[in-house]
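Comments concern the structure below.
Chain letters run A, B, ... following the sequence lines, proteins first, then strands; residues in each count from 1.
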There are 2 protein chains.
Amino acid sequence: MTRLQGARERARSDITAAIKEEARRQLVKQGADRLSLRSVARELGMVSSALYRYFPGRDELLTALIIDAYDALGVAAEQALAATPDEARRAADPQVHLRRWQAVCRAVRGWALEHPHEYALIYGSPVPGYAAPDATTDPAARTALALIAVLCDARAAGALRTPPSGPPPPATAQADAARLGARLDLALEPWLLVELVSVWAQLFGLVSFELFGHFQRVVDAREEFFDHATARLAYGMGLAGAGDPR
Amino acid sequence: MTRLQGARERARSDITAAIKEEARRQLVKQGADRLSLRSVARELGMVSSALYRYFPGRDELLTALIIDAYDALGVAAEQALAATPDEARRAADPQVHLRRWQAVCRAVRGWALEHPHEYALIYGSPVPGYAAPDATTDPAARTALALIAVLCDARAAGALRTPPSGPPPPATAQADAARLGARLDLALEPWLLVELVSVWAQLFGLVSFELFGHFQRVVDAREEFFDHATARLAYGMGLAGAGDPR
DNA sequence: ACCACGACGAGAGCAGTGCTCTTGCTTTTG
DNA sequence: CAAAAGCAAGAGCACTGCTCTCGTCGTGGT
């Protein structure tokens with residue numbers, strides 16, 4: 001369906017890519033609010049107004065970068081998932097699901113540490129009055145889906161303590177979760193999904209706090225702390241293998 | 001010790017306050033990166049350069065607002081704490097500590113929802129290359145200390161399951177926690193402090209996700225969801241009363 | 001093969017920004 | 001009362017995002 005493009009369209013997509021590339025370069029160097037259309041254009045040897053042939057404005061350029069960032073984090077998570085064998089040793093080793101969980105968590109944190117500005121772009125404060133366009137929601141879901149996959153596989157392998165101890169979610173939350181599960185076509189019980197959503201937010205809370213400097217003079221052994229925290233999150237969801245002490 | 005100020009010093013502090021006030025007004029309206037020195041000055045009927053007599057630059061003005069925001073959130077948390085009786089019915093009602101915990105959590109979320117831009121300022125992405133000056137760390141700690149207080153009181157009242165189930169923290173994290181506990185002069189076991197730090201970050205992860213729009217089309221019953229999540233956080237720390245289902 | 005249309009790059013220009021420097025004025029201080 | 005210090009104002013610099021116009025050049029239809 002992608003018919004051979006003429007020289008013009010080819011040039012267009014090349015230049016669009018070059019713009020995004022240069023913009024990303026500036027982004028990683030100086031952060032989102034220092035990203036300037038003019039300096040991107042300058043660096044590319046064109047005049048600022050020419051840039052508007054490719055992006056309607058600064059916000060749209062940023063949106064493109066946001067989508068790329070979501071995707072990049074998503075593939076990082078997916079790769080971590082793929083790197084740890086799944087079906088193969090199902091039930092053979094009850095610890096495998098915990099390891100997969102932690103692998104994905106580590107991948108998220110690792111990517112964030114490697115791309116702090118891009119992470120801040122997607123999980124920091126939303127820019128000005130900027131409302132995330134729908135185009136961002138799908139890429140944003142990739143990482144969450146990787147986390148979900150771990151739990152689904154563990155569930156299928158019977159590696160989940162169910163239900164986990166602790167207070168049960170309220171009916172409204174379960175209803176939300178049921179809708180979400182239906183939309184994503186998931187085979188998870190609503191209450192489990194509720195916990196997962198909560199854990200999902202909490203995971204990014206850990207990463208954000210570390211990245212945004214709130215652990216300064218509080219936590220020094222960041223990596224060990226993170227691993228421990230994610231293990232506890234897994235334990236809280238009833239992931240077998242996470243656990244019981246000493 | 002604060003001797004009577006001359007008319008000049010009085011005027012100075014008045015104007016400084018007016019600047020911060022107007023700046024905050026613009027902040028709540030349009031967010032941090034739309035805050036402009038010039039428009040603050042304009043609104044105050046002075047010229048932009050005059051503002052530099054009071055703040056060395058835009059960053060310093062922002063820093064002042066950041067400190068104010070930390071303080072405002074801190075008092076919100078402290079008020080929530082003060083509003084729920086503590087020593088009085090110690091051990092009489094084991095649920096009281098859970099209620100206090102949730103009161104503080106709700107106060108944090110409530111303040112965040114009421115002051116989204118100020119929340120974003122302190123818990124969103126740090127501005128450009130901006131490193132939080134030391135002056136911000138103390139106000140920032142107030143909220144955390146309110147959370148800690150709940151746990152300390154619960155601990156003192158013997159309302160804590162100790163140790164909670166789940167994987168124990170690694171030695172390095174416990175060492176960090178021990179240092180932190182010593183610095184703050186706390187009577188909490190290191191492993192408990194480790195959990196608390198983790199829960200602290202996770203709590204703000206929940207608030208940030210809600211505020212920054214990541215719960216769009218995922219969680220509808222935000223308040224119930226939040227209450228449930230914080231109850232589970234409490235349960236994870238072994239707070240009695242948080243608990244055992246059905 | 002031509003030609004009109006559309007995409008394109010360049011440039012000028014507008015309104016706005018943070019920040020600096022100089023110039024006078026006013027208040028405080030010695 | 002005079003000198004010193006604090007202060008507001010204005011002009012100015014180097015930027016920013018964005019718009020509009022004006023030649024140019026590739027492309028699809030006739």
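Residues passing the ring pair (Phe, Tyr, Trp, His ring centres under 6.0 Å) test with B/W101, sequence neighbours excluded: none. Not counting sequence neighbours, the partners of A/A177 by the side-chain contact (heavy atoms from CB on, under 4.5 Å) test are A/P190, A/L193, A/V194. Residues meeting the ring pair (Phe, Tyr, Trp, His ring centres under 6.0 Å) test with A/F226, sequence neighbours left out: none. With sequence neighbours left out, B/D220 forms a salt bridge (charged side-chain N to carboxylate O under 4.0 Å, His left out) with A/R179.
The interatomic distance linking B/R10 (CZ) with C/dT28 (C1') rounds to 16 Å, in whole Å. Rounded to an integer number of Å, the gap from CG of B/L44 to P of D/dC7 is 15 Å. Taking atom CD1 on B/I19 and atom P on C/dG18, their separation rounds to 13 Å, with Å as the unit. Between the CG atom of B/D14 and the C1' atom of D/dC7 there is a distance of 15 Å, rounded to whole Å. Distance, B/L61 CG to C/dT17 P: 14 Å, rounded to whole Å.
Side chains of A/T143 and A/Y70: a donor-acceptor N/O pair is absent below 3.5 angstrom, by distance only. With hydrogens and angles left out, the side-chain atoms of A/S208 and A/Y119 include a donor and acceptor closer than 3.5 Å.
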Per-nucleotide pairing state of DNA chain C [Watson-Crick or G-U, under 3.5 Å; [ ] pseudoknot-crossing; | other strand]: ||||||||||||||||||||||||||||||
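Phosphate contact (OP1/OP2 of D/dA8, side-chain N/O of B/Y54, threshold under 4.0 Å): present.
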Where protein sits on nucleotides 13-21 of chain D, one letter per nucleotide: B base, S sugar-phosphate only, - none, heavy atoms under 4.0 Å: ---BBBBB-
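A side chain to side chain donor-acceptor pair (under 3.5 Å) check over residues 39-51 of chain A, counting only residues at least two apart or in different chains, returns the pairs A/Q26-A/S39. Applying the salt bridge (Lys or Arg N to Asp or Glu O under 4.0 Å) rule to pairs touching residues 137-152 of chain A yields A/D71-A/R142, A/E78-A/R142, sequence neighbours excluded.
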Donor-acceptor contacts under 3.5 Å from residues 50-57 of chain B side chains, at least two apart:
none

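A/I15 comes within 4.0 angstrom of the backbone, heavy atoms only, and of no base. Using a 4.0 Å heavy-atom distance criterion, A/F55 is classed as making no nucleic acid contact.
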